[in-house]
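Accompanying notes for the structure given below.
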Amino acid sequence: APAFTTLIKELGRTGQWEKAVEAYRAMAAAGVAPNTITYSALINACGKSKEWEKALEVYGEMRAAGVEPNIFTYSALISSCAKGRQWKKAFEIYDSMRAAGVEADAITYSAMISACEKSKQWEKALEVLAAMHKAGVEANTITYNCVLAACEKAGQADKALEVFQAMLRADVKPNAVSFATLLAACERAERWEAVMDLGARMAKAEAELEADALRVLLTAAHKTHRWDRAAELWERAAKPGG
RNA sequence: UACGAAGACCUUUGUU
C-alpha cells in the first residue's frame, strides 16, 4: 500500500486527480486493501484539484469500506472544502470529527481558517482562531497567515494589523508570506504609514524582500515623502542576497 | 526507539 499511496500523492501534486482515482481502483485489482493513509492521500489529491465533491465521495467509500478516518483524513477533507470554497461543508466535517472524538490540532484549525478565508468569511475565521485558543491549541505562523489572508481578502486592513499585533504578542514569528499579506491589505487600504511600519519590522526580522514587497514599500515611501527610506530600500534591494 | 506512504499559509500546474 505505501507504493500506491506515494503514487497517489504524486499524481495529486501534479494535478492529475483522475489518475489518482485510477491508481486507487488499481489497488483493489491488485488485491491491496486501501487503508486510512491511502484514503487520506486520495482525498487530498482530489482536494488539490478543487474536486471537493469527489473528495467527499471518496470519504463515503472509505466509510463504506469500514476504514476509520483520523486527523489526517479530516484535515484533508477540510482542506478540500476550503479549496472548493465550501466553508459550511468544512464546518460539517469539523463537527463530525469532533463527534468522532478526534481533537483538532494546529493544522486542522489552519485548514478551517483557510476555508473561511477562501469563502470570504473573515469573521468566521476570527471565530475559529478564538475557538482554537480556547481549546488550548497554539496558533503558529501558518495559522496566523491564514487569518491575515482572511482579513486581507475582505479588505479589512485594520483587522489584519490587529491580528498581526496579536501574533507578535503571542511570540509567533511572521515570515515572508505574513508580510506579503499584510502589505497587500495595507496597500489596498492605502495605509502608507502602516506599510512603512511593516517595512521597518521586515528589516528587523530580516525577512526576505521580494519584488512585490519592495514595490509596495517604495510606493509608501513616496506617498509619505520618506525619500531617505526609499533610497535605503533601493540600496538594500540592489545588494545580492539583501 | 527507529526502520519507503497521508493533512494547513505560500510555491508549481489547470480553469476564469
Where protein sits on nucleotides 7-16 of chain B, one letter per nucleotide: B base, S sugar-phosphate only, - none, heavy atoms under 4.0 Å: BBBS---B--
Between B/A5 (P) and A/Glu10 (CD): distance, integer Å: 15 Å
Sugar-phosphate only, base, or nothing, as touched by A/Ala3 at under 4.0 Å among non-hydrogen atoms: base
Carboxylate-amine/guanidinium proximity below 4.0 Å for A/Arg98 and A/Asp95: no
A/Lys223 and A/Thr219 side chains, donor-acceptor separation under 3.5 Å: no
Under 3.5 Å side-chain donor-acceptor pair for A/Tyr74 and A/Tyr94: no
A/Arg85 CZ: over 12 foreign heavy atoms closer than 6.0 Å: no
Spatial distance of atom OG1 (A/Thr143) from atom CE (A/Met167) [nearest 0.5 Å]: 9.0 Å
B/A2 to B/A6 separation - P atoms, rounded to the nearest Å: 16 Å
Short side-chain donor-acceptor distance under 3.5 Å, A/Thr36 and A/Asn70: no
Side chain A/Glu127, main chain A/Ala125, donor-acceptor under 3.5 Å: no
Derivation of the ring-ring contact (aromatic ring centres under 6.0 Å, His included) call for A/His222 and A/Trp227: CA-CA 7 Å; A/His222 170 246; A/Trp227 316 113; 5.7 Å; yes
Nearest-angstrom distance, C1' atom, B/A8 to B/G4: 24 Å
All stems with RNA chain B, defined as three or more consecutive Watson-Crick or G-U pairs under 3.5 Å: none
